[in-house]
4 protein chains.
Amino acid sequence: MLLFQLQGSDDRPIYARIAEQIKFAVASGVLRPGDLIPSVRDLSRQMVVNPNTVARAYRDLQQEKIVDPVRGTGLQVAQGAAEVCRDLRKAIVRDRIRAAIQEARQTALEPTEIEAILRDEWTRSNGAPH
Amino acid sequence: MLLFQLQGSDDRPIYARIAEQIKFAVASGVLRPGDLIPSVRDLSRQMVVNPNTVARAYRDLQQEKIVDPVRGTGLQVAQGAAEVCRDLRKAIVRDRIRAAIQEARQTALEPTEIEAILRDEWTRSNGAPH
Amino acid sequence: MLLFQLQGSDDRPIYARIAEQIKFAVASGVLRPGDLIPSVRDLSRQMVVNPNTVARAYRDLQQEKIVDPVRGTGLQVAQGAAEVCRDLRKAIVRDRIRAAIQEARQTALEPTEIEAILRDEWTRSNGAPH
Amino acid sequence: MLLFQLQGSDDRPIYARIAEQIKFAVASGVLRPGDLIPSVRDLSRQMVVNPNTVARAYRDLQQEKIVDPVRGTGLQVAQGAAEVCRDLRKAIVRDRIRAAIQEARQTALEPTEIEAILRDEWTRSNGAPH
DNA sequence: GTGGTCTAGACCACC
DNA sequence: GTGGTCTAGACCACG
């Protein structure tokens, strides 16, 4: 059974995180083209979130053509979605890392220090994988 | 002469970016304990921003004990501020990088792919330094 | 029904008095953890004060972790807040009394005279309770 | 030699504290009618304070008839000043204590708790006199 | 509906 | 000159 939930500290809007989770589920193959995603009502109950918030996430997903409406049934993962999401996922990851590094540079920290932090955090994340 | 200005795309509030710039200036030694920071009016003129917005940033800096008020004169960098800001700066950088890596992991990307991206972006940032 | 209002003569800023009233309401149990505090707009209307002034008070309360934001809903009293506020209230009272006594001593008044004033004012305040 | 200096934490304006110190010196007999008070320049240097600030304090003292100008010489303590200051001193002390007690009552603390604090702080101030 | 941000401009106390 | 407070009103994101 699919389980979506909000992770800890994160100041991004809830609807964006919900949409992202769906995309990542598609990207990793947990959800495949043709699969129905959870109904707004179900997901909102499961996540203890206002239904409007889930609806907003789903609206965004429709606009991005990640999901298609099926009359009287629900929303299904669109045909091209898997590939789109895989690309998207990688691009998102890359963008965030790029931004983090760029910001680090702008603080006038020594490049060697930044590199040390990068190595450090990478190995650390290997040691205690989520 | 000190030059503060708002960088390009950044969705954080203006006052937060102003406060951060001051902190980084202190961290890097451009501003030292005892120095007066630019007056609200000067800085607001220089940055083309409402004086209240600068005032808000300065108020936050006071609460964090980064600056001290000198009645009728202005705000001066507090005594312990340099060290505090250096630590702060490093902590901020570290946190952002950690968050970026952690999110990358949560997307179920292959670790080797993440590592590749890290390397790639790091060298890329060296090639075209800020 | 909760009633907040500005008391008579007091040269402290309005936002500080608003924040203090909230704290005291929490300390005395009128507001309990999980309760929503009045909305910025409601309270500003009730107190005949600019909404920004109330917002400023609420922002301070957030920084002190007395209240937590619930996105799109309002601000609720934080979990640990009751105890914090009780301590705070007592500390405030104690500090003010200590300061008053200390200043009395510094004026080179006879200790017996100070003590007499203390007794006098205490009984007087009992006679005509607020 | 007379020594005036600013005490620690106190958010009242500097000029008010200077004026108060002069008054208390008169009340306690350290300064007597006819005595010259320090010149603006001397006192400002001694207290490491802007001369304007001392001048402001002296202006207030003149308006209250605590000191009289002596042409080409300076300011001297006025004739009736000693008695005025003694009364003033007591009134100030009394007012502050009254205000402290009144505020304590408004916080909805138990009267017994307030009384305990009063006793406690009074004995404490006896134990470690300034 | 909620709070958050920003602008504009007035007034004040202090030095 | 300095910062601090307050008002008025606009706009935005979120639920």
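All chains are named by letter (A, B, ...) in the order of the sequence lines, taking the proteins before the strands, and each is independently numbered beginning at 1. All values derive from a computational prediction rather than experimental measurement.
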Atom pair distance, as rounded to whole Å: CZ in R59(A) and P in dC14(F): 11 Å
In whole Å, I'd like the distance from the CG atom of N50(B) to the C1' atom of dT5(F). 14 Å
Starting at atom CG of D60(B), determine the distance to atom C1' of dC6(E), rounded to an integer number of angstrom. 14 Å
To the nearest 0.5 Å, how far apart are CD1 in I18(D) and CD1 in I37(D)? 10.5 Å
Between T73(C) and A55(B), which is nearer to the 5' end of DNA chain F once each is assigned its nearest nucleotide? A55(B)
To the nearest angstrom, how far is N52(C) atom CG from dT2(E) atom C1'? 15 Å
Could you state the interatomic distance from CZ (R59(C)) to CD (Q62(C)), rounded to the nearest 0.5 Å? 9.0 Å
Between I18(B) (CD1) and dT5(E) (P), how many Å, whole number? 13 Å
Ignoring backbone atoms, test whether Q62(C) places a side-chain nitrogen or oxygen under 4.0 Å from the OP1 or OP2 oxygen of dG3(E). no
Let's see if you can work this out: which of dA8(E), dC15(E), dT5(F) has an atom nearest to the side-chain heavy atoms of Y15(D)? dC15(E)
Grab the CZ-P distance between R17(C) and dC6(F) for me, whole Å please. 7 Å
Provide the Watson-Crick or G-U wobble partner of dG1(E), both distances under 3.5 Å; none if there is no partner. dC14(F)
Looking at Y15(C), I'd like to know if the NZ or CZ of R56(C) sits under 6.0 Å from its six-membered ring centre while staying within 45 degrees of the ring's axis. yes
Comparing G74(B) with P13(C), nearest DNA chain F nucleotide closer to 5' gives the residue G74(B)
Just the rounded figure in Å: distance from P of dG4(F) to CD1 of I14(C). 17 Å
If the cut-off is 4.0 Å, is R56(C) near the phosphate of dT5(F), judged by side-chain N/O to OP1 or OP2? yes
